[in-house]
Amino acid sequence: MQRHLITSAIPYINGIKHLGNLVGSQLPADLYARFQRARGNEVLFLCATDEHGTPAELAAAKAGQPVAEYCAEMHAVQSELARGFRLSFDHFGRSSSPQNHALTQHFAGRLADAGLIREVSERQVYSNADGRFLPDRYIEGTCPNCGYDRARGDQCENCTKQLDPTDLIDARSAISGSTDLEVRETKHLYLRQSELKDDLDAWIDSKADWPILTTSIAKKWLHDGDGLQDRGITRDLDWGIPVRRGDAEWPGMEGKVFYVWFDAPIEYIACAGEWADAQGGADWERWWRTDKGADDVRYTQFMGKDNVPFHTLSFPATLLGSGEPWKMVDHLKSFNYLNYDGGQFSTSQGRGVFMNQALNILPADYWRWWLLSNCPETSDSEFTWELFQQGVNKDLADVLGNFVSRVTKFCRSKFGEVVPDGGVFGPLEQDLIAELDKRLAAYTTHMENMEVRKSAQELRAIWVAGNEYLQAAAPWATIKEDEAQAAMQIRLGLNLIGLYAALSAPFLPDTADTLAATMGVEVSKWPESIAKALNALAPGHTFQVPDNLFAKIDDAARATWEAQFSGAA
RNA sequence: GGCGCGGUAGCUCAGCUGGUUAGAGCGCUCGACUCAUAAUCGAGAGGUCGGGAGUUCAAGUCUCCCCCACGCCA
C-alpha cells in the first residue's frame with residue numbers, strides 16, 4: 001500500500017472563489033485523492049483557507065466586522081462550498097489556527113538559528129488616521145510622471161512608471177483617503193533565500209519528472225537578473241501570526257506579524273496537526289517528518305501557475321533552511337488559467353461563475369465533469385456556455401446517462417428489475433472485455449500520472465464502449481430468437497453500470513453513489529480485471545431503474561445563464 | 001520595453017527524445033438501428049500544422065527572423 005500526502009493550494013479567505021480557481025487546484029487534487037483511495041492506498045488530503053494579510057483586514061472592515069470574526073465566517077462559507085463540490089478533504093484547516101501560529105514561529109526560530117534571517121531597517125509610510133503602516137499599493141496620489149491622479153505607491157497604472165510611495169504628489173491612504181501620512185523608520189526580517197539558491201537549484205534539478213511549466217517558472221526565478229532575492233517575511237499589521245523566535249520573544253519585533261506568504265505554506269503542515277487534533281490525537285508527523293515515518297510518503301501538490309514560485313522556492317527554502325527532516329514535495333502539478341468566454345474571470349467585476357452560483361444552477365457532478373475534462377492542463381483553456389452545454393449534454397446525458405437508462409429499462413420490460421439468468425459469453429463479449437482491459441490500463445496510468453484530460457477522455461471511451469456493445473449485441477433483436485442469450489447480454493449491461501460506478505467515482509462521486517444504489521451495491525474499489533468486475537452482479541440480484549441521471553441543458557437555460565454571468569451589470 | 005506560454009480541421013484541444021497516407025471529441029453530411037433522455041452505432045467531408053528562411057536523407061516536431069493573441073514583470 002502506498003501513502004499519499006496530497007495538498008491543494010490554499011484559497012484566500014477573502015470572498016468566494018470562481019470556477020477558474022476551483023479547477024486550478026482543489027478539483028484535480030480531489031480527483032487524485034479519490035483515485036488513490038479507490039486504489040486502496042492511504043491518503044491524507046489537506047486544504048485550508050489562507051487568512052492573513054491586508055486584503056482580509058480590509059474586507060472585514062468593509063463588512064463592518066472584526067477580522068477574526070470575518071475570517072471565521074468566510075471559512076465556514078468556503079467549507080460549505082467545498083462540501084457542495086464534494087471536495088474530499090481529510091481536513092479543511094485555517095492558516096490562523098493555533099497550530100500554524102506555533103509552527104510558523106518555530107520555523108522562524110530555526111531559520112534565525114541557522115543564520116538565514118537578517119534584520120533590515122526600512123522607511124515606510126504610516127497613516128495617522130488609519131493608525132497603521134500602509135503597504136505601497138494602498139497609497140494613492142498623483143503621478144509625478146504623467147499626472148494621473150490615482151497612481152499607486154508601487155506603480156502608476158496609467159504610465160506604468162515604477163514609483164516609490166514618497167514620489168506621489170498629494171499622497172493619501174487608499175483605505176481612508178486621509179492625507180495625514182508620514183514616513184517612519186521600521187525594522188523587518190528578511191529570509192536570506194539567496195543563501196539557499198544552490199540547494200534549491202540542485203533540488204529542482206533532481207525533479208526530472210516535473211512538468212515543463214513548473215520547472216521553467218522555478219528556474220526563471222532562480223536565475224533571472226540578480227537571481228533569487230531575499231524576501232521580507234514580516235509586516236506591520238495587527239492581523240497575523242506575531243513575530244516570535246520559536247517560543248521566545250524577538251527583541252525589536254514587538255507588534256509585528258509574519259507576512260502572509262511566509263505562514264501560508266506552513267499551514268500545509270499545521271493543517272495535518274489540526275487534522276490530528278480533530279481526530280483526537282492522531283499521529284501527523286508520520287506524514288511530514290522523514291525521521292518519523294514519512295520517508296515512504298509520496299507528496300503531491302496541486303496549484304495554479306501563479307503559485308509555482310512559492311511552492312518551488314519560498315516554501316522549500318523554509319523547509320531546507322530549518323535543517324530539520326521535513327517531507328519535501330515529490331510531484332508538483334500546476335495548472336494554467338481557465339478563461340471565461342473570451343476573457344478572464346474577474347472577482348472584482350463579477351465576471352464569470354462563482355462556486356456558490358454554480359451549485360445553485362446545477363449539481364456538482366455536472367461542473368466536476370466539464371471542468372476536469374476541459375481543465376487548463378497544458379495551456380489556458382476556455383469556458384463558454386455553449387461548450388459547457390455541449391459537453392454536459394453529450395458526455396453525461398447522451399453517453400453515460402442514456403446507457404444506464406436503456407439497459408435498465410429494457411431489462412425491466414423484458415425480465416423485471418432483477419438480473420436475468422442464462423446464456424454464455426461469445427466473441428462479442430470477449431472482444432468487449434479485451435477492449436475494456438486495455439482501456440482500464442490506460443485510464444489507470446493516466447490517473448496515476450495526473451493527466452486529467454486524458455483520463456477523462458479514456459473514461460468517456462469506456463462509457464462509449466458500452467453503447468457500442470449494445471448496438472452490436474442488439475438484445476432487443478436477440479430476445480426474439482434466444483431469450484437466454486438476450487439475458488446474458490443485458491446482464492453484462494447491468495454489470496457495466498456497476499463497473500462505471502467504480503470507474504467514474506473520482507470524477508462523479510454523487511453519480512457513482514446513485515449508480516451503485518440503483519444496482520443495490522456499494523461503489524466498489526478500483527477493479528483489477530474487467531472479467532471479474534463484469535461478474536459482480538449475479539443472476540437473481542434485484543435492482544431499481546433510476547430516474548434519468550442527467551437532465552440536458554436546453555438553449556433557453558444556456559441563454560439565461562450567459563446573460564446572467566456576463567458581468568455587464 | 002523585457003520575459004514567459006501559445007498560434008495544428010468550423011469549435012475546444014492531443015501530438016514524447018525529428019521518420020509510414022497529421023489525430024480525438026464536438027459540430028456538419030450520409031447511412032444503420034429502434035432498447036433508450038429525438039438518445040445510440042457506423043461511414044464520410046473538412047487542415048499546404050501563423051508567415052518566411054535555414055539545418056537534415058527526412059520537420060507540426062530543431063535553428064533564426066517576422067506577424068498575431070494571451071499572461072507576467074519592471
Side-chain angles (χ1 to χ4, degrees), chain A residues 20 154-157 159-164 208-209 211-221 223-226 229 304-309 334-339 341-345 369-371 373-415 442 446 449 451-461 463-480 486 489-490 493-494 497 545-554:
Chain A
D154 53 350
Q155 175 182 22
C156 173
E157 285 178 339
C159 68
T160 74
K161 185 177 171 60
Q162 184 191 3
L163 299 173
D164 205 63
D209 60 335
I212 300 165
L213 178 67
T214 303
T215 45
S216 70
I217 292 173
K219 286 288 184 179
K220 173 177 150 57
W221 281 61
H223 299 298
D224 266 21
D226 299 330
Q229 299 298 301
K305 60 183 169 186
D306 52 328
N307 268 317
V308 169
S334 58
F335 290 84
N336 289 282
Y337 293 139
L338 180 70
N339 290 318
D341 208 8
Q344 295 186 327
F345 277 86
W369 172 255
W370 192 90
L371 290 170
S373 62
N374 292 281
C375 73
E377 212 163 9
T378 53
S379 62
D380 289 358
S381 68
E382 183 83 8
F383 176 96
T384 69
W385 286 99
E386 186 180 2
L387 288 169
F388 178 68
Q389 177 192 31
Q390 285 175 352
V392 164
N393 288 356
K394 196 70 190 173
D395 300 344
L396 295 182
D398 294 347
V399 175
L400 176 60
N402 184 51
F403 174 80
V404 172
S405 185
R406 64 198 296 209
V407 170
T408 53
K409 285 177 182 167
F410 181 81
C411 185
R412 179 173 62 187
S413 74
K414 304 298 179 187
F415 302 100
H446 288 144
N449 296 336
E451 301 210 66
V452 179
R453 291 176 82 125
K454 287 181 180 171
S455 297
Q457 267 177 32
E458 203 58 44
L459 176 58
R460 186 186 189 281
W463 296 338
V464 167
N467 281 316
E468 288 170 352
Y469 170 75
L470 278 190
Q471 212 62 32
W476 50 90
T478 311
I479 198 161
K480 294 172 186 162
Q489 292 169 344
I490 217 65
L494 291 168
I497 295 174
V545 175
D547 294 335
N548 284 343
L549 291 177
F550 302 99
K552 291 199 193 191
I553 298 168
D554 60 33

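In the text below, chain A, chain B and the rest are named by the order of the sequence lines, each starting its count at 1. Remember, predicted model here, so these are calculated numbers, not experimental data.
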Mind checking if [X] touches a base, just sugar-phosphate, or nothing, with heavy atoms under 4.0 Å?
| X | value |
| --- | --- |
| Ser381(A) | sugar-phosphate |
| Val464(A) | sugar-phosphate |
| Asn548(A) | base |
| Phe403(A) | nothing |
| Ile490(A) | nothing |

Would you confirm whether Glu377(A), through its side chain, and Val452(A), through its main-chain N or O, come within 3.5 Å as a donor-acceptor pair?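 Yes, the answer is positive, given that a donor and an acceptor are paired below the 3.5 Å cut-off.
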Nearest-neighbour nucleotide for the [X] side chain, [options] considered:
| X | options | value |
| --- | --- | --- |
| Arg406(A) | C35(B), C26(B), U37(B) | C35(B) |
| Gln390(A) | U12(B), C70(B), G27(B) | G27(B) |
| Lys394(A) | U12(B), G15(B), G27(B) | G27(B) |
| Glu468(A) | U37(B), C41(B), C70(B) | C41(B) |

Return no unless some side-chain N or O of Lys305(A) is found under 4.0 Å from OP1 or OP2 of C72(B).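 No, outside the criterion.
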Short side-chain N/O contact to G42(B) OP1/OP2 from Gln471(A), under 4.0 Å: no
Is any side-chain N or O of Asn402(A) under 3.5 Å from a base N or O of A39(B), one able to act as donor and the other as acceptor? no
ring centroid sep under 5.5 Å plus plane angle under 30, Trp476(A) with C35(B): yes
Closest-nucleotide 5' rank along RNA chain B - winner of Gln457(A) and Lys409(A):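 Residue closer to the 5' terminus by nearest nucleotide: Gln457(A).
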